[in-house]
Amino acid sequence: MQPAFFAKMKSTESVTKLKGIGPKTAEAFHRLRIDTVGELLAYLPKRYETYAAEIPVSAATEGRTATFLGTFAGVPSSVKTSRGSLLIGKFRDASGTITVRWYNRPYLRKMISVAKYVLLRGRVARDKRERYLLQPEMYTPEQYRVLMKTLRPVYGLTAGLTTNAIAKAVREALAVCEITEKIPAGILRETGLMRLKDAMEEAHFPKTEETTREAMRRLAFDEFFGFLLSVRNLREQTETVPNRCPVNCDGFSKALLASLPYDLTGAQKRAWSEIAADLRGTHPMQRLLQGDVGSGKTVIAELTLAATAEAGYQACLMVPTEVLAKQHFAELERRLGGLGLTVSLLTGSTPAAQKREILRELESGEISVLVGTHALFQQGVSFKNLGTVVVDEQHRFGVEQRRALSDKGTTPHMLLMSATPIPRTLAMMLYADLDISILDEMPANRLRIKTAVVDATYRPKAYKFLADHIAAGEQAYVICPLIEESDGLDAENVTDYAERLAEELPNARIAILHGRMSAKEKTAVMEAFAAGETDICVSTTVIEVGIDVANATVMMIEDAERFGLAQLHQLRGRVGRGAKQSYCILVQGNDTAEARERLSVLLTATDGYAIAEKDLSLRGPGDFFGIRQSGDELFKIADPIRDADVLGMAKRAVTSLTPAEYAKAVKLCLAESRESVVY
Ligand code: ADP
Ligand code: MG
């Protein structure tokens, strides 16, 4: 054994073990959910910026980040504002002049020598008075020429942590931490992939576009590899066991079907008959139900839960958010309660006493259907005879979480539902060990959601439009990118927007919703909205998943260009869920030709997969390498469409593992849950 002082640091050590990280910095890291060195290394930049060549000042385009080469017309002047200091200068080149504003950077004044050529890189913004360069970075020409060959990592930040501070901590971690290579050497050789340690280093400290791409491919490979491994592992655990909960769906589902206010679509009927066959089959069901937003997955889940419960087994439905859990619970209780089944709800905010009661009833078998969030697979939750697990929005859960739930029964039936827009061939590759049903048909009563892309000058008309629809008894969502005003980012925020909207529409009952509210508050707001007690819900993207309020017919999205197309498609899917004509108004905060082209994809495309593919082809290199913004998708780095070839590689690798390699890989890759994936 090596003496301790030779040993490299373990990735599970606390970040406070790193040089230069005191309690205060550790506290800030903790807010980013970084406690261990491994979590720090896994905290990859959310995107990379390129350093483009300078452009003339006269070509400055609002909303774009650009670099200019010129001189200051004089020493910038310092102004006191309510929120601190402001430095204002005039910057010029042969083509023109632009104002420069720096908030809370008083020290920069001394660093500026008039008439010396410098490069300023920053975002061009505009207010009522003028166009200006906001908070630009300043470089000498020599410095900038070097930077132009590199990519610049941009980390998600929190108060008390700068990009530099994160980079410094990561540098230290890379130097002292032991990074275990998880991929068998043979596979590394065959695929020519970068080593994990090099990939980590490159991801945090990119050298060139080329090498960063290589690093991203390696990290994407790991995600696919781990995922495919766990799917294979899960399958192997079930394909040999008999179906212990055989369910005959004939009689019961008829009663439920008869109670539905509509007929199932052809695709729904097909999916349901496939599930019904699984439920009475020889092995437990392992099925993925895929269907675009609004294709009607919920009712299939209901039939599955109901049939299971009717056959005398317990069934549970796991969903990613409390709001969604409540919504599903209310509907299930209404429909299944009427058929004599007991439905319960368990989430993180269920009061302790009530929780104890639910746990007791669950063990005794009094509850036949349980709906809930992550709380479902916590310790202490045990079922009497769990027959079926349905997971909604399954891409938001890790495989390990599903397994933890599945472990609560003796290999129950599993139905995973997903709206992830990937083509069938890729879905089959990812989920090869699952059976797949696809809902490729929308309910017939659907009208196409009328979509418009407009600029900010259209707002008064949009408000009139909102007012008219509210007067007609309908409801609307307005989405803003931010929660509250934040420095340096001029995008609409929910808090101020709701106030302004209230002035514009004095008769409308306006609610706000965002991620910083407690689960309880969010649920209350959503329930009131669903009950028609409020007219407009001004929200961040928290409403993105699953919410179903059929009476909502208008979706207005501010600063739409800030969102990915696939995300806009999900958001748009919150309306048009009933028989009424629905509308989606995409308001461009910054009206650039590029943004307009991207957004206009949504004018014609209605298919999630086509949209995702188009989005990808329109993304720039900085975004291309970027980590997913929302951070709660199935993969953090990998994109099954973009990285289809890497997925193929991972697939071949997992399939070709020798039994010994397989056992070792399972141990290395599946030991930790997805939340604490460490490198
Ligand atoms: P998703 O697949 O996005 O989860 P939902 O299950 O929430 O979609 O269904 C969207 C809406 O369509 C719901 O309001 C639901 O009641 C309705 N719906 C589902 N199936 C049908 C159908 N066959 N005919 C008409 N409406 C349907
Ligand atoms: Mg849904």
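Just so you know, these numbers use all the heavy atoms, side chains as well, and skip hydrogens, waters and symmetry mates. Both ligands and their constituent atoms are indexed starting at 1 by order of listing.
For Thr298, heavy-atom contacts with ligand 1 shorter than 4.0 Å involve the backbone as well as the side chain. Counting heavy atoms under 4.0 Å from ligand 1, residue Asp263 touches it through the backbone alone. When non-hydrogen atoms are compared, ligand 1 lies under 4.0 Å from the side chain of Arg446 (C-beta onward) but not from its backbone. Only the side chain of Gln268 comes within 4.0 Å of ligand 1, judged by heavy-atom distances.
Side-chain N/O atoms of Arg572 and Thr451 include a donor and acceptor closer than 3.5 Å.
Interatomic distance, Ile367 CD1 to Leu341 CG, rounded to the nearest 0.5 Å: 12.5 Å. Here the straight-line distance linking atom OG of Ser368 with atom CD of Glu361 works out to 10.5 Å at 0.5 Å rounding. To the nearest 0.5 angstrom, Thr304 atom OG1 is 10.0 Å from Leu317 atom CG. We find the SG-CZ distance between Cys245 and Arg280 to be 15.0 Å, quoted to the nearest 0.5 Å.
For atom 8 (O) of ligand 1, the nearest non-hydrogen atom from the set Arg577, Lys269, His328 belongs to Arg577.
Backbone and side-chain nitrogen or oxygen atoms of Pro443 are examined, and none is located within less than 3.5 angstrom of a nitrogen or oxygen of ligand 1. Considering backbone and side-chain N/O of Gly296, one or more are found under 3.5 Å from N/O of ligand 1.
Not a single heavy atom of Gly291 sits under 4.0 Å from any atom of ligand 1. Taking 4.0 Å as the cut-off, Ser295 counts as a neighbour of ligand 1 on heavy-atom distance.
Here is the list of ligand 1 atoms found below 4.0 Å of a heavy atom in Val293: 3 (O). Residue Leu264 has at least one heavy-atom neighbour below 4.0 Å for each of these atoms of ligand 1: 23 (N). For ligand 1 and Thr265, the ligand atoms under 4.0 Å from any heavy atom of the residue are 23 (N). Listed by atom number, the atoms of ligand 1 under 4.0 Å from Asp548 heavy atoms are 13 (C), 14 (O).
A salt bridge links Glu527 with Lys326: the closest approach of a Lys/Arg side-chain nitrogen to an acidic carboxylate oxygen falls below 4.0 angstrom.
Partners of Glu274 according to the side-chain contact (heavy atoms from CB on, under 4.5 Å) rule, which considers only residues two or more places apart in sequence or in another chain, are Arg270, Arg287, Ser437.
Looking at Glu561, its side chain never comes within 3.5 Å of a backbone N or O of Arg596 through a donor-acceptor pair.
Checking each of Arg577, Glu474, Gln475 against Asn551 for a side chain to side chain donor-acceptor pair (under 3.5 Å) leaves exactly one that passes, namely Gln475.
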